[in-house]
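In what follows, residues are counted from 1 in the order of the sequence shown.
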Amino acid sequence: MKISLVEEMRDIDKKAAETYGIPELLLMENAGHRVAEAALELLGAPAGKSVIVLAGTGNNGGDAFAAARHLANSGVRVKIFEIGDPTHRRPSAATNRAIDEKMGIEIHALASDRVWDRLSLAMKFSDLVIDGILGTGFAGELKKPVLRLIELVNDSGKRVLAIDIPSGVEADTGAVTSVAIEAAATLTLGLPKPGHFFCPGAACTGKLLVDDIGIPSALLEDEAIHQSLLDDALAKTLLPARLASVHKGMCGRILVLAGSRGMTGAAYLASLAALKAGAGLVTLAVPESLHDLMEQKTTEVMTVPVPETKPGSGIIGGDKALGTLLELTGDYDAVLMGPGLGRAPEMGELVRKLAAYLDKPMVLDADAIFAFRGHLKELARCKQVPVLTPHLGELAGLLDISVQELRTNLVTRVRNAAADLQCLIVAKSECTLAAYPQGDVFFTSKGNPGMATAGCGDVLAGCIVGLMEQTESGLAPLVGIYLHGLAGDLAAEQLGDGLTASDVLAELPHALVALRRAQAEA
């Protein structure tokens with residue numbers, strides 16, 4: 001499924017009318033009918049139920065007027081409260097309002113204190129509120145009457161069904177300047193928008209429902225739209241089946257360069273995650289003073305010592321270490337660098353030199369990403385497209401901007417960074433993104449707040465590199481993100497928010513089983 005930016009959705013609506021001859025009024029009718037169906041699903045039996053419909057002057061309000069008619073026909077008691085300058089009402093919205101008026105549905109303009117008091121009273125006895133105040137075109141500051149209305153709805157504690165996107169949320173970013181409707185569910189029209197997936201918008205969306213409202217599929221699947229949802233349907237197509245004749249050498253020989261004093265857990269989690277993702281053989285390269293410890297800690301993962309800057313320092317660096325690693329990498333199909341390596345200058349120099357030499361799939365995580373701060377040209381010159389797995393703080397640091405600035409337009413900034421640095425960037429957030437240098441961006445559909453715990457990023461990096469030889473290296477990040485999020489969801493079903501990275505790690509094989517089962521049933 002594609003995810004559209006606001007301007008892309010406007011273009012889709014325009015082409016639906018101009019290319020296919022579908023009038024705006026027909027799409028509004030379809031939207032209103034589907035909104036009413038979603039409302040009835042939330043209400044249950046319509047008999048005796050009361051719904052407050054809030055309508056603005058734009059097409060979002062028109063969808064609300066159309067929904068009100070269908071709800072009234074189903075036996076629901078409907079009261080409509082409209083807000084905004086009526087002279088700005090869109091023609092299709094005006095048509096649906098006129099129909100409601102002729103049907104005798106109560107319509108009140110929020111233009112006096114008396115009407116506001118009437119709304120407050122009606123809200124107390126309502127079973128559901130439908131939010132058709134603002135649409136996806138909203139950005140910036142709320143006008144005072146709209147701000148008052150949103151606060152009134154949120155303070156009421158009533159369940160809300162939002163049309164397209166909760167009012168007050170910016171559709172392209174998920175930003176909320178002051179306040180936004182806190183919906184129980186949102187029915188988005190045509191395609192989902194980025195604001196449904198990024199907080200605070202994601203937290204306001206509730207359950208996300210999607211309906212095409214009759215827009216031709218060719219428009220909704222247009223290759224010119226470069227945002228997609230990494231959902232179950234897509235994930236099933238990304239990982240080839242294993243041959244009956246497979247052996248460990250065919251499943252990927254993975255080298256993981258990780259760990260420093262006090263950070264051996266990151267090395268352990270990342271290397272074991274590569275195995276649990278299905279890699280055939282994993283070797284963990286660690287500082288030589290930590291080798292004996294890691295050899296005892298790991299069983300299935302092999303270990304190799306790497307020379308340190310000073311004996312016992314726990315910091316890898318220097319020409320001798322580089323020579324050791326250059327010799328090692330020739331025997332492996334893919335390399336992961338970074339988890340728990342530390343940020344010593346000598347280590348950073350070694351990472352950059354090794355990355356410049358490698359001509360094979362490579363994942364850079366955590367401290368290996370830090371090593372390229374101020375060295376972006378070196379990153380862009382890697383022989384193969386490296387996969388970077390930063391959280392937003394690490395990515396902001398790499399780009400020399402603040403996290404707040406990064407978040408102001410996350411999709412565009414991550415997309416541009418992937419193109420400029422010639423990297424595949426896996427930007428970890430409440431909705432992890434995978435951005436490719438050519439401009440495609442994928443949004444994860446899995447994961448949960450319980451995964452906000454130390455070490456989960458190490459598991460993700462290991463999972464991605466462990467898949468590099470099992471599928472196309474460019475697809476491995478997508479499979480890795482999906483399996484990692486699904487593993488987190490499986491763990492959360494048992495443990496709630498009290499997850500550790502090891503809990504997610506333990507569920508990786510079960511996530512893989514679920515994906516294989518889905519492939520078999522497809």
Quiz item: Among side-chain atoms of Thr205 and His196, is any donor-acceptor pair under 3.5 angstrom?
Solution: no
Quiz prompt | Under the side chain to side chain donor-acceptor pair (under 3.5 Å) test, residues paired with Asn409 that sit two or more places apart | solution = Thr412
Quiz item: Quick one: side chain to side chain donor-acceptor pair (under 3.5 Å) partners of Glu349, sequence neighbours excluded?
Solution: Lys353
Quiz item: Does any pair with a residue in residues 432-466 pass ring-ring contact (aromatic ring centres under 6.0 Å, His included), and if so which ones, sequence neighbours excluded?
Solution: Phe197-Phe443, Phe198-Phe443, Tyr436-Phe442
Practice problem: Could you tell me whether the side chain of Arg253 and the main chain of Val282 form a donor-acceptor pair under 3.5 Å? | Solution: no
Self-check item: Residues Arg415 and Gln227: side-chain donor-acceptor under 3.5 angstrom
Solution: yes
Quiz item: Hey, what do you get for CG (Asp497) to OG1 (Thr453), rounding to the nearest 0.5 Å?
Solution: 10.5 Å
Quiz item: Charged N to carboxylate O under 4.0 angstrom, Lys446 versus Asp489?
Solution: no
Practice problem: Apply side-chain contact (heavy atoms from CB on, under 4.5 Å) to the pair Val426 and Ile481, showing each step before the final yes or no. | Solution: CA-CA 8 Å; Val426 175; Ile481 292 167; 3.7 Å; yes
Quiz item: With sequence neighbours left out, what residues match Leu512 under side chain to side chain contact (heavy atoms under 4.5 Å, CB included)?
Solution: Leu239, Leu483
Quiz prompt | Residues Tyr482 and Asp232: side-chain donor-acceptor under 3.5 angstrom | solution = yes
Quiz prompt | Step-by-step side-chain hydrogen bond (donor to acceptor under 3.5 Å, both in side chains) determination, Tyr332 to Thr283 | solution = CA-CA 9 Å; Tyr332 294 88; Thr283 297; 2.7 Å; yes
Self-check item: Asp359 atom CG, over 12 foreign heavy atoms within 6.0 Å
Solution: yes
Quiz prompt | CA sep, side-chain torsions, deciding dist, call: Glu170, Thr177, side-chain contact (heavy atoms from CB on, under 4.5 Å) | solution = CA-CA 9 Å; Glu170 295 187 11; Thr177 304; 3.8 Å; yes
Quiz item: Salt bridge between Lys236 and Glu521, side-chain N to carboxylate O under 4.0 Å?
Solution: no
Self-check item: Spatial distance of atom CD (Glu8) from atom CG (Leu191) [nearest 0.5 Å]
Solution: 9.0 Å
Quiz item: Sequence neighbours excluded, which residues qualify as side chain to side chain donor-acceptor pair (under 3.5 Å) partners of Glu327?
Solution: none
Quiz prompt | Residues Leu161, Asp131; criterion side-chain contact (heavy atoms from CB on, under 4.5 Å); working and verdict | solution = CA-CA 6 Å; Leu161 171 62; Asp131 166 28; over 6 Å; no
Quiz prompt | Ile163: which of Val35, Asn59, Ile133, Leu134 passes side-chain contact (heavy atoms from CB on, under 4.5 Å) | solution = Val35
Practice problem: Scan for salt bridge (Lys or Arg N to Asp or Glu O under 4.0 Å) pairs involving residues 189-212, sequence neighbours excluded, and state none if there are none. | Solution: Arg34-Asp211, Asp164-Lys193
Exercise. Apply the side-chain contact (heavy atoms from CB on, under 4.5 Å) test between Leu410 and each candidate in Thr173, Leu433, Asp172; give the one that qualifies.
Key: Leu433
Quiz item: By salt bridge (Lys or Arg N to Asp or Glu O under 4.0 Å), which residues pair with Asp11, not counting sequence neighbours?
Solution: Lys15
Quiz item: Does Asp13 have any side chain to side chain donor-acceptor pair (under 3.5 Å) partners at least two apart in sequence or in another chain, and if so, which?
Solution: none
Exercise. Determine which pairs satisfy ring-ring contact (aromatic ring centres under 6.0 Å, His included) with at least one residue from residues 372-417, sequence neighbours left out, and list them in order.
Key: none
Quiz item: Can you tell me how far CG of Leu460 sits from OG1 of Thr432, rounded to the nearest 0.5 angstrom?
Solution: 7.0 Å
Self-check item: Glu430: salt bridge (Lys or Arg N to Asp or Glu O under 4.0 Å) partners, not counting sequence neighbours
Solution: Arg407
Quiz item: Which pairs pass side-chain hydrogen bond (donor to acceptor under 3.5 Å, both in side chains) with one or both residues in residues 498-513, sequence neighbours excluded?
Solution: Gln494-Glu507, Thr500-Asp503, Glu507-His510
Quiz prompt | Thr19 side-chain N/O to Ala16 backbone N/O, donor-acceptor pair under 3.5 Å | solution = no
Show me the donor-acceptor pairs within less than 3.5 Å that the side chains of residues 243-251 make with the rest of the protein, sequence neighbours left out.
residue: His247; atom: ND1; partner: Gly249; partner atom: N; Å: 3.1

Quiz prompt | Full working for side-chain hydrogen bond (donor to acceptor under 3.5 Å, both in side chains) between Gln470 and Arg242 | solution = CA-CA 8 Å; Gln470 299 179 68; Arg242 285 203 181 196; 3.3 Å; yes
Quiz item: Does the side chain of Thr237 come within less than 4.5 Å of Leu234's, by heavy atoms?
Solution: yes
Quiz item: Yes or no on side-chain contact (heavy atoms from CB on, under 4.5 Å) for Leu275 and Val301, after CA distance, side-chain angles and deciding distance?
Solution: CA-CA 8 Å; Leu275 272 181; Val301 174; 3.6 Å; yes
